[in-house]
Number of protein chains: 2
Amino acid sequence: MARKPTATKRSPRLDSAAWIEAALEALADGGLEAVRVEPLAKALAVTKGSFYWHFADRRALIDAMLTSWSDGRIAAIRQQSGGAGTPDMRLRHLAELYTRHANMRGLAIELSIRALARSDARAADAVRAVDSERLKQVAQLFGALGWTASDAQARAVLFYSYLFGESLLDAKAVTVRARETAIRALLAPP
Amino acid sequence: MARKPTATKRSPRLDSAAWIEAALEALADGGLEAVRVEPLAKALAVTKGSFYWHFADRRALIDAMLTSWSDGRIAAIRQQSGGAGTPDMRLRHLAELYTRHANMRGLAIELSIRALARSDARAADAVRAVDSERLKQVAQLFGALGWTASDAQARAVLFYSYLFGESLLDAKAVTVRARETAIRALLAPP
DNA sequence: ACCTGAACACCGTTCAAGT
DNA sequence: ACCTGAACACCGTTCAAGT
């Protein structure tokens with residue numbers, strides 16, 4: 001693939017993607033309240049005035065962040081649920097991705113966005129798009145395990161409800177035993 | 001019970017409880033970001049300066065809100081999980097409380113607090129206290145259904161994980177059928 | 001005991017001017 | 001094409017003064 005001529009950095013100047021990345025970082029660290037123009041500008045070592053070259057206002061940054069998150073999650077789930085292995089193995093792999101500590105940043109972002117979605121229509125749209133794709137992919141895997149379409153859909157909801165719910169509880173309350181009980185019940189054959 | 005002499009309002013002046021109630025209302029409607037001194041003062045029809053008679057700063061209000069929420073939830077769970085009926089009936093009743101639309105406000109508040117708990121130690125404490133009491137009460141009910149202490153604890157985690165998780169998903173994705181599948185599996189006898 | 005009103009700092013937003 | 005710097009508005013915070 002040919003390298004674009006602009007791929008080599010000609011200056012330390014930013015593009016909008018850099019602001020979105022910094023915004024997601026702030027969201028993970030301190031919630032929506034931490035996604036603020038001046039602190040982000042400070043982190044990126046520019047004046048806050050330069051922010052308004054890339055975005056109309058703070059709200060536009062939040063919307064861009066939501067789109068970026070939504071697109072990224074949808075691409076990820078397609079990649080994660082495909083690939084090699086039996087449906088059972090793939091579901092176990094997905095369950096691990098959602099409960100591992102390595103994914104703390106992702107879960108923090110997701111939780112903040114889902115909290116925002118309760119009062120914000122655009123966030124609700126982003127969540128709906130991501131959920132729809134996730135449930136579709138996971139329902140397919142349950143279908144491959146032998147469940148009817150309707151049962152597979154119900155199991156997919158159960159699967160994600162449990163994984164998200166677990167991430168909401170105090171981490172110490174969730175023992176390895178509890179998780180094993182859950183995963184075994186979730187993946188029990190028809 | 002004797003009525004306290006101060007129970008009759010002598011003036012339209014506020015106490016800290018009124019600020020906390022307004023703060024919880026704002027939290028439910030617009031998340032933590034909406035819990036701000038000046039808008040709250042406007043809603044309560046006082047100047048923002050008066051806020052600082054009741055609280056040291058915005059953070060103190062948030063802390064008071066967390067304590068109020070935590071105390072209220074712990075009192076509620078004790079009341080809800082006690083009472084008449086078989087353990088099975090009580091668990092079904094609890095499950096309904098967490099999935100009914102009438103509880104939207106409570107769920108919105110809970111979600112915002114759990115999102116905050118990811119980056120805030122005091123919010124994490126409040127969540128821990130509430131979870132601990134909820135899991136304890138629900139584990140007792142599962143114990144009464146015949147599960148061992150360890151299984152009952154695991155089931156309690158499963159129970160709340162599912163209910164919280166469901167509240168995170170897009171409401172339309174959760175069919176009556178999916179919920180019935182879940183509840184039946186959760187409450188299956190040993 | 002609770003509130004007002006004025007003051008100040010911080011951050012969102014605008015915009016003319018720079019490179 | 002992207003950024004600075006100054007300006008202004010909004011809101012958190014302080015505090016002397018009112019009732």
Side-chain angles (χ1 to χ4, degrees), chain A residues 3-27 29-66 68 112 116 119-120 122-123, chain B residues 3-27 29-66 68 112 116 119-120 122-123:
Chain A
R3 189 198 281 197
K4 284 185 291 181
T6 53
T8 53
K9 288 174 190 165
R10 271 189 305 226
S11 72
R13 298 189 152 189
L14 307 170
D15 54 6
S16 60
W19 285 95
I20 292 170
E21 186 45 47
L24 284 166
E25 197 62 35
L27 185 69
D29 287 348
L32 219 223
E33 236 185 5
V35 180
R36 281 144 83 203
V37 176
E38 188 164 77
L40 289 178
K42 208 161 282 178
L44 292 169
V46 291
T47 63
K48 57 186 174 166
S50 76
F51 169 82
Y52 293 90
W53 171 259
H54 301 285
F55 300 95
D57 51 22
R58 178 176 178 258
R59 178 69 227 190
L61 172 64
I62 290 171
D63 288 343
M65 204 174 66
L66 290 171
S68 166
S112 287
L116 178 61
S119 62
D120 185 272
R122 283 174 185 277
Chain B
R3 189 198 281 197
K4 283 185 292 184
T6 54
T8 53
K9 287 175 190 164
R10 273 192 303 228
S11 74
R13 296 189 155 192
L14 306 170
D15 54 7
S16 60
W19 285 95
I20 293 169
E21 186 44 48
L24 284 166
E25 197 60 37
L27 185 70
D29 287 348
L32 220 220
E33 233 184 10
V35 179
R36 282 144 84 202
V37 177
E38 188 163 78
L40 290 178
K42 208 161 283 178
L44 291 169
V46 291
T47 63
K48 57 186 174 167
S50 75
F51 170 81
Y52 293 90
W53 171 259
H54 301 284
F55 300 95
D57 52 21
R58 176 175 180 260
R59 178 68 228 189
L61 173 64
I62 290 170
D63 289 342
M65 203 173 66
L66 291 172
S68 166
S112 286
L116 177 61
S119 62
D120 184 90
R122 285 174 185 278

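So that the names make sense, note that chain A is the first sequence line, chain B the second, and so on, each numbered from 1.
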Residues 39-50 of chain A vs side chain to side chain donor-acceptor pair (under 3.5 Å), sequence neighbours excluded, gives A:Glu38-A:Lys48
List in chain and number order the residues that pass side-chain contact (heavy atoms from CB on, under 4.5 Å) with B:Ala43, two or more places apart in sequence or in another chain; answer none if no residue qualifies.
-> none
Residues in salt bridge (charged side-chain N to carboxylate O under 4.0 Å, His left out) with B:Arg122, at least two apart?
-> B:Asp63
Intermediate values then yes/no, side chain to side chain contact (heavy atoms under 4.5 Å, CB included), B:Glu33 and A:Val35 = CA-CA 11 Å; B:Glu33 233 184 10; A:Val35 180; over 6 Å; no
Is the distance from OP1 or OP2 of C:dC3 to the nearest side-chain N or O of B:His54 less than 4.0 Å?
-> yes
Who passes side-chain contact (heavy atoms from CB on, under 4.5 Å) against B:Ser119, sequence neighbours left out?
-> none
How would you list, by chain and number, every residue that makes a side chain to side chain donor-acceptor pair (under 3.5 Å) with B:Arg36, sequence neighbours excluded?
-> none
Reading DNA chain D 5' to 3', how would its secondary structure be written in dot-bracket notation, given Watson-Crick and G-U pairs with both distances under 3.5 Å, brackets [ ] for crossing pairs and | for partners on other strands?
-> ||.|||||...|||||.||
Each nucleotide of nucleotides 6-19 of chain C classed B (base within 4.0 Å of a protein heavy atom), S (only sugar-phosphate) or -, in 5' to 3' order, makes -----BBBB---BB
Can you check the A:Leu44 CG to D:dC2 P distance for me, whole Å?
-> 14 Å
Show your reasoning for whether side chain to side chain contact (heavy atoms under 4.5 Å, CB included) applies to A:Val37 and A:Tyr52.
-> CA-CA 9 Å; A:Val37 176; A:Tyr52 293 90; 3.9 Å; yes
side-chain contact (heavy atoms from CB on, under 4.5 Å) involving A:Ala18 - partner list, sequence neighbours excluded | A:Leu14, A:Asp15
